[in-house]
2 protein chains.
Amino acid sequence: MNKPLKIRKNAELRKPEILRSFYQTIVEEGIEGASIGKVARRMNIHPSLIMHYFSTKENMMTELVNYIINEYGNLLKNISVHHDEPHERIHQLLDVLWSDEWYRLTDVSADFSMLSVSFRHEKVNRQFRHLYAQFGKFLAKELQRFMDAGIIAAGDPDVSAEVLVSLIEGYRHFKHFYVDKDSSERFRQEMKRAVLNMLGYRPKRAGAGEK
Amino acid sequence: MNKPLKIRKNAELRKPEILRSFYQTIVEEGIEGASIGKVARRMNIHPSLIMHYFSTKENMMTELVNYIINEYGNLLKNISVHHDEPHERIHQLLDVLWSDEWYRLTDVSADFSMLSVSFRHEKVNRQFRHLYAQFGKFLAKELQRFMDAGIIAAGDPDVSAEVLVSLIEGYRHFKHFYVDKDSSERFRQEMKRAVLNMLGYRPKRAGAGEK
DNA sequence: CCATGAATTGAATATTCAGTTAATTAAGAG
DNA sequence: CTCTTAATTAACTGAATATTCAATTCATGG
């Protein structure tokens with residue numbers, strides 16, 4: 001004789017819940033297949049409830065981008081690179097940036113959809129730009145540290161950071177085209193090597209530093 | 001008293017014409033906004049005509065990817081790097097790869113849409129993989145040439161080529177976030193510098209080649 | 001305890017969607 | 001000139017779409 005037992009939640013809980021479902025729907029069906037109806041069905045709620053919270057689909061879209069970018073920003077803040085010894089540190093940093101956890105955070109397939117939106121949507125574009133700027137700033141600070149320690153020879157750390165972001169994104173985009181695990185790991189290793197080369201990294205042993 | 005004067009075209013002309021319009025619609029409205037109706041309206045033809053040629057929308061999609069990838073492949077074939085002198089050649093190659101013409105060929109915004117499709121669509125995924133493999137092979141051949149000439153110190157040219165493709169795509173994806181022209185050009189220059197570093201390029205002057 | 005407002009629903013809106021079927025038009029072959 | 005065939009349109013269909021609006025259920029604070 002149990003009543004359906006529907007739990008009422010407030011906006012603070014419901015909105016992100018809807019956004020996550022929206023995101024998941026985009027992952028599974030693409031942005032072209034993510035309708036309000038489908039999102040509602042997945043959550044067992046009424047489509048109107050979604051409209052109640054977001055007014056329009058477009059609105060929901062920009063709030064989703066916002067949500068994701070915040071999540072990303074949080075991750076950025078919590079990157080833990082403990083080592084102070086510069087050689088150890090640079091390797092740890094690259095290990096984190098090319099780690100699986102880093103890439104599991106968001107689903108690249110959905111990110112592509114969002115990025116494609118950013119081309120037509122000024123607001124979304126700005127949001128992404130802000131995210132990348134944040135990311136760049138974080139990396140630039142690290143690079144500066146390595147330059148001060150004299151273990152890399154990059155020019156302007158800001159510009160190098162941008163190139164680095166580019167490479168990281170490029171890697172993210174390509175990863176999924178490598179099906180077999182071996183070549184995937186090799187690709188990852190080669191990426192790290194490439195970055196070190198690119199930055200003019202001088203390894204520990206053989207302390208030759210002419211010029 | 002002029003009749004509307006509709007010209008009849010055969011499939012050979014009509015199909016690519018439809019595909020181009022489909023592509024343009026995706027550019028302007030995103031894949032989520034590219035319906036058969038809109039494509040037909042843009043061409044002043046009847047939606048059924050599109051169905052006549054492609055049967056299903058999904059079919060049209062894969063044919064579009066095919067079309068684009070062919071175009072890309074043609075571009076690849078026509079890359080003209082004339083110089084034989086290796087130093088000249090490597091610079092010319094990088095100039096071409098980071099040239100405006102190269103990036104004007106397809107619209108990155110639509111490419112993103114397609115790539116996002118590739119995550120859910122096995123056929124599309126394969127098509128992209130093939131394209132990138134082609135591209136990688138082309139670059140690997142060039143890299144081999146530079147290695148033989150002893151002006152770069154890359155390890156396996158195939159792997160380095162993959163990294164290079166990654167970087168090129170990363171650049172393509174980021175380009176549009178740089179609005180002002182100056183920083184855009186600086187970014188481009190820095191990219192080239194990064195690639196040369198990455199490949200362990202040794203400039204002409206000061207022919208020191210110890211090891 | 002009741003009044004106010006938020007959460008949620010139901011039914012109805014007009015619109016757009018991909019796709020079907022049948023008819024019409026024109027081009028090319030004989 | 002006619003017959004055949006391919007290109008094109010016209011008129012639909014049914015399902016799905018986003019969105020609106022009024023009604024209802026609940027929580028809570030005065």
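Note that these values count all heavy atoms, side chains included, but never hydrogens, waters or copies made by symmetry. Numbered from 1 within each chain, the chains take letters A, B, ... in sequence-line order.
- Here the C1' atom of nucleotide D:dT24 and the CG atom of A:Leu49 are 14 Å apart, to the nearest Å.
- With 3.5 Å as the limit, one finds no donor-acceptor pair spanning the side chains of A:Gln92 and A:Glu88.
- One finds a side-chain N or O of B:Arg14 lying less than 4.0 angstrom from the OP1 or OP2 phosphate oxygen of D:dT8.
- Among the nucleotides D:dT20, C:dT9, D:dT8, the one closest to the side chain of A:Met51 is D:dT20.
- Sorted by first and then second residue, the pairs that involve residues 49-62 of chain B and meet side chain to side chain donor-acceptor pair (under 3.5 Å), not counting sequence neighbours, are B:Glu58-B:His121.
- B:Phe146 pairs by the ring-ring contact (aromatic ring centres under 6.0 Å, His included) definition with nothing, not counting sequence neighbours.
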For residues 64-72 of chain B, which side-chain N or O atoms pair as donor and acceptor with protein atoms under 3.5 Å away, sequence neighbours left out?
residue	atom	partner	partner atom	Å
B:Asn66	OD1	B:Gln127	NE2	3.0
B:Tyr67	OH	B:Arg20	NH1	2.9

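- Remark: C1' of D:dT8 and CG of B:Asn44 are 14 Å apart, rounded to the nearest angstrom.
- Over its length, the helix from C:dA14-D:dT17 to C:dG30-D:dC1 turns its helix axis by 20°, as judged from the five terminal pairs at each end, rounded to 10°.
- Residues that satisfy the ring-ring contact (aromatic ring centres under 6.0 Å, His included) test with A:Phe174, not counting sequence neighbours, are B:Tyr132.
- Under 3.5 Å, the side chains of B:Ser109 and A:Arg120 contain no donor-acceptor pair of N or O atoms.
- Under the rule for a side-chain contact (heavy atoms from CB on, under 4.5 Å), B:Asn78 has no partner lying at least two apart in sequence or in another chain.
- As rounded to whole Å, 17 Å separates atom P of C:dA6 from atom CZ of A:Phe54.
- Here C:dT8 presents its P atom at 8 Å from CD1 of A:Ile45, a figure rounded to the nearest Å.
- Note: CG (A:Leu13) to P (C:dA6) measures 16 Å, nearest angstrom.
- Rounding to whole angstrom units, NE2 of residue B:His52 and C1' of D:dA7 are separated by 6 Å.
- Within the structure, every pair that satisfies the salt bridge (charged side-chain N to carboxylate O under 4.0 Å, His left out) test and touches residues 134-145 of chain A, not counting sequence neighbours, is listed here: A:Asp84-A:Arg145, A:Arg89-A:Glu142.
- Listed pair A:Tyr53 / C:dT8 meets the phosphate criterion, a side-chain N or O lying under 4.0 Å from OP1 or OP2.
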Name the pairs: protein N/O against N/O of nucleotides 12-17 of chain C, kept only if under 3.5 Å.
residue	atom	partner	partner atom	Å
C:dC17	OP1	B:Ser35	OG	2.6

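- In terms of the ring-ring contact (aromatic ring centres under 6.0 Å, His included) criterion, residue partners of A:His91 (sequence neighbours excluded) are, by chain and number, A:Tyr201.
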